[in-house]
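This report refers to the structure that appears directly beneath it.
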Number of protein chains: 2
Amino acid sequence: MIKPRSRRGGGRPTISDVARKAGVGAITVSRALREPERVSQDLRRQIQAAVDELGYVPDPNARALASARAEVFGVLVPSLTNNVFAEVVRGIYDSLSDSPFRIQLGNTHYSGLEEERLLQVFGSQRPAALIVAGIDQTPASRKLLENAGCPVVQVMETGPDPVDMMVGFSHLDGGRTATEHLIEMGYRRIGFIGARMDPRSQRRLAGYRIAMEKAGLFDPRLITTTPVPSSVSLGRELFRDALAKVPTLDGVFCNNDDIALGVLFECHRAAIDVPKTIGIVGFNDLDMMQVAFPSITSIRTYRYEIGRRAVAMALAAIAGDRPQERVVDLGFELKRRESTAR
Amino acid sequence: MIKPRSRRGGGRPTISDVARKAGVGAITVSRALREPERVSQDLRRQIQAAVDELGYVPDPNARALASARAEVFGVLVPSLTNNVFAEVVRGIYDSLSDSPFRIQLGNTHYSGLEEERLLQVFGSQRPAALIVAGIDQTPASRKLLENAGCPVVQVMETGPDPVDMMVGFSHLDGGRTATEHLIEMGYRRIGFIGARMDPRSQRRLAGYRIAMEKAGLFDPRLITTTPVPSSVSLGRELFRDALAKVPTLDGVFCNNDDIALGVLFECHRAAIDVPKTIGIVGFNDLDMMQVAFPSITSIRTYRYEIGRRAVAMALAAIAGDRPQERVVDLGFELKRRESTAR
DNA sequence: GCGCGGGATGGTAGCGCTACCAACAAAGCC
DNA sequence: GGCTTTGTTGGTAGCGCTACCATCCCGCGC
């Protein structure tokens with residue numbers, strides 16, 4: 001009647017194999033692995049020896065099922081290739097690499113619907129925490145996050161109404177600061193060039209507009225945007241469009257650094273002097289901005305740090321002490337460089 | 001004695017809730033969800049209605065435990081921010097987005113030890129397939145892959161001895177082709193500039209060496225490398241080192257496009273004419289290579305396609321028909337541009 | 001000497017699902 | 001008409017682990 005052992009399990013050692021070998025109960029092995037301080041030294045050593053000898057690795061699925069909690073962080077970003085999110089994700093990975101937590105990474109492709117679907121999938125695993133990019137979730141997504149039963153951190157931006165916690169900075173302020181810098185440096189016909197135009201880009205544009213209006217320089221024809229995903233080559237094209245539209249253009253605030261680089265290259269190609277004829281400001285301050293010739297002024301953002309902080313906050317919440325400040329603004333910094341040094 | 005329902009599970013509906021509501025057995029619900037064609041139309045409809053009404057989502061952990069197989073693809077890459085791997089990962093995600101498979105992404109940080117550790121963790125979940133970057137696994141990692149009990153695809157490179165399947169191209173041939181192009185264009189004192197110098201970079205260097213030796217141009221002083229992670233700014237620095245070492249340098253083959261871009265910017269800054277005084281070749285052909293001024297010659301590689309193909313092969317193997325060609329070489333293409341057009 | 005608190009250990013009963021096999025009805029065969 | 005065959009459905013028994021509670025033992029106070 002009694003089968004010798006797992007007919008399905010492919011013969012990997014289980015917790016009871018370890019228990020038998022160590023001469024203890026299965027539950028003691030479980031404890032020794034999860035809360036060693038609750039097991040006596042002697043047993044702990046015996047159990048460790050048995051674990052090593054058998055090469056036992058706990059089955060995370062069984063663990064999750066029994067404890068109704070998976071040791072998984074769900075992470076949702078709109079793009080995997082955009083360096084900005086890659087940095088955030090890297091921060092998350094680095095912060096979690098010594099923890100028992102695994103990471104489930106989802107790509108929403110900047111789509112609210114995909115985000116909902118992934119949230120559904122991720123939620124079904126009872127994750128330990130959820131980290132999502134952005135603050136513009138659909139109502140359905142928001143509900144899913146609220147009912148996830150775990151800490152939730154919205155990253156990249158700050159806003160007034162966190163689902164749970166937030167780490168980021170103000171894109172509007174970033175856009176305004178960049179634009180004000182151009183104005184301050186004496187540029188007047190300052191264009192905004194933006195690709196993708198996701199919600200964060202929209203807010204940068206809003207910041208641009210505020211600064212321009214305040215200075216009495218706003219003109220809708222100065223704005224050139226497209227929903228097409230951002231790239232260096234697209235930056236070049238958009239700049240040509242912008243220049244064709246407004247030949248008197250004397251500065252551009254770019255949605256991001258890829259676009260800015262494309263603008264710079266086109267200036268080289270068309271023999272337009274930077275910064276004398278055209279001033280350029282980027283956004284994010286990728287490494288290449290300071291190496292470019294001329295080096296490009298940009299808004300430095302702390303992507304890696306956002307990832308790290310998000311994990312730290314989630315971990316604290318899991319441990320029971322939710323940080324009292326639920327919205328953390330990591331700010332940004334204007335890096336003044338040659339591209340605007342008139 | 002009998003508790004009403006799950007005291008632990010947080011009250012989410014289970015398969016038996018659905019079964020009760022639909023008036024069928026739990027196993028029939030399970031089948032209706034996984035192999036609908038084995039359940040009659042009528043029941044299928046009833047069950048679907050119950051699922052929708054209750055908002056039932058199957059618990060992947062319970063599923064994995066019961067079936068001894070998780071619907072998870074394990075993916076191991078050495079870096080998350082390197083655009084090259086990000087593209088591969090994007091290809092994997094896109095290919096899997098309509099499937100029931102989830103993705104478990106691990107970052108090995110170019111470390112064999114981390115790879116082993118992650119393989120251990122990933123293996124404990126009984127993944128449906130494993131995709132790993134590179135072909136230089138440690139013996140322990142190789143054993144783990146062989147015993148994983150699932151399809152394994154090594155990506156980025158091809159080699160003689162696949163664990164199971166492979167998709168990639170020859171980095172050695174790529175390096176040789178790039179170097180031969182420079183020689184053909186009349187450059188003679190051609191340097192190799194490389195950062196990180198992971199196994200793939202080493203093979204590109206080997207290709208460079210073969211081409212240089214064949215042309216009787218090889219000189220070890222032409223090689224400038226560092227284990228430091230690659231970046232545009234590093235490219236600039238390495239180029240200055242190379243030029244200081246060999247002032248007669250008239251061309252460089254760069255390890256990758258970031259380095260090449262750094263070299264180009266330094267040439268601008270030092271007023272070195274490209275391509276007349278110095279020829280530049282990159283590797284991977286990122287979008288910005290064709291936009292740069294002058295545009296940069298590079299070896300185009302098919303990263304996204306590698307990701308897609310790897311998934312397709314794994315999926316085929318899961319479905320039972322392993323592709324007969326277990327090693328797929330996607331090749332590369334030399335993109336001749338202004339930076340070598342003497 | 002007795003009872004009692006507290007730390008260490010173990011047994012039992014699931015977690016939610018699916019593999020396996022049994023049961024049964026309808027259909028096809030001689 | 002009795003037989004097998006085929007297709008549909010359900011029951012039972014786990015998968016490997018942990019929550020919960022029971023048990024045991026030690027040392028302590030009175």
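Within every chain, numbering begins at 1; the chains are lettered A, B, ... in the order of the sequence lines, protein sequences first and strands thereafter. No hydrogens, no waters, no symmetry mates; every other heavy atom, side chains included, goes into these values.
- Residues satisfying the salt bridge (Lys or Arg N to Asp or Glu O under 4.0 Å) criterion with E114(A), sequence neighbours excluded, are R117(A).
- Distances were taken from every side-chain heavy atom of S67(A) (C-beta onward) to each of dT18(C), dC15(D), dT18(D); the shortest belongs to dT18(D).
- In this structure, the CG atom of L65(B) is 4 Å from the C1' atom of dC15(D), given to the nearest Å.
- Judged by distance alone, the side chains of Q46(B) and D42(B) never bring a donor and an acceptor atom under 3.5 Å apart.
- Sorted by first then second residue, the side-chain hydrogen bond (donor to acceptor under 3.5 Å, both in side chains) pairs that include residues 22-33 of chain B, not counting sequence neighbours, are S30(B)-R34(B).
- Distances from the side chain of R34(A) to the nucleotides dC15(C), dA19(D), dT18(C) place dA19(D) closest.
- Here F101(A) pairs with F73(A) under the ring pair (Phe, Tyr, Trp, His ring centres under 6.0 Å) rule; sequence neighbours left out.
- Looking at residues two or more places apart in sequence or on another chain, you find a side-chain hydrogen bond (donor to acceptor under 3.5 Å, both in side chains) between Y304(A) and D94(A), R308(A).
- When side chains are defined from C-beta on, F122(B) does not count as touching V72(B), because their heavy atoms never get closer than 4.5 Å.
- Side-chain proximity of D59(A) to dC17(C), dG16(C), dC17(D): nearest is dC17(D).
- Between the CZ atom of R69(B) and the C1' atom of dC15(D) there is a distance of 14 Å, rounded to whole Å.
- As rounded to whole Å, 9 Å separates atom P of dC17(C) from atom CG of L33(B).
- Between the side chains of E116(A) and T138(A), a donor-acceptor pair is found at a separation under 3.5 Å.
- Other residues, nucleotides and ligands place no more than 12 heavy atoms under 6.0 Å from the CZ atom of R309(B).
- Look at CD on E71(A): it is 19 Å from P on dG16(D), rounded to the nearest Å.
- Atom CD in E35(A) sits about 13 Å away from atom C1' in dA8(C), given to the nearest Å.
- Here the P atom of nucleotide dC15(C) and the CG atom of D17(B) are 11 Å apart, to the nearest Å.
- In this structure, R20(A) atom CZ and dT9(C) atom P are separated by 20 Å, rounded to whole Å.
- In the helix from dG1(C)-dC30(D) to dC30(C)-dG1(D), the terminal helix axes, each the rotation mapping four pairs' C1' atoms onto the next four within five end pairs, subtend 40°, rounded to 10°.
- Atom CG of N61(A) and atom P of dT18(D) are 12 Å apart (whole Å).
- Not one side-chain nitrogen or oxygen of S30(B) sits closer than 4.0 Å to the OP1 or OP2 atom of dC17(C).
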Short N/O separations, protein against nucleotides 6-11 of chain D, under 3.5 angstrom:
residue: dT9(D); atom: OP1; partner: S40(B); partner atom: OG; Å: 2.8
residue: dT9(D); atom: OP2; partner: S40(B); partner atom: N; Å: 3.0
residue: dG10(D); atom: OP2; partner: G25(B); partner atom: N; Å: 3.0
residue: dG10(D); atom: OP2; partner: T28(B); partner atom: OG1; Å: 2.5
residue: dG10(D); atom: N7; partner: R31(B); partner atom: NH2; Å: 3.0

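- Residues P78(B) and R200(B) form a side-chain contact, since some pair of their non-hydrogen atoms from C-beta on lies under 4.5 Å apart.
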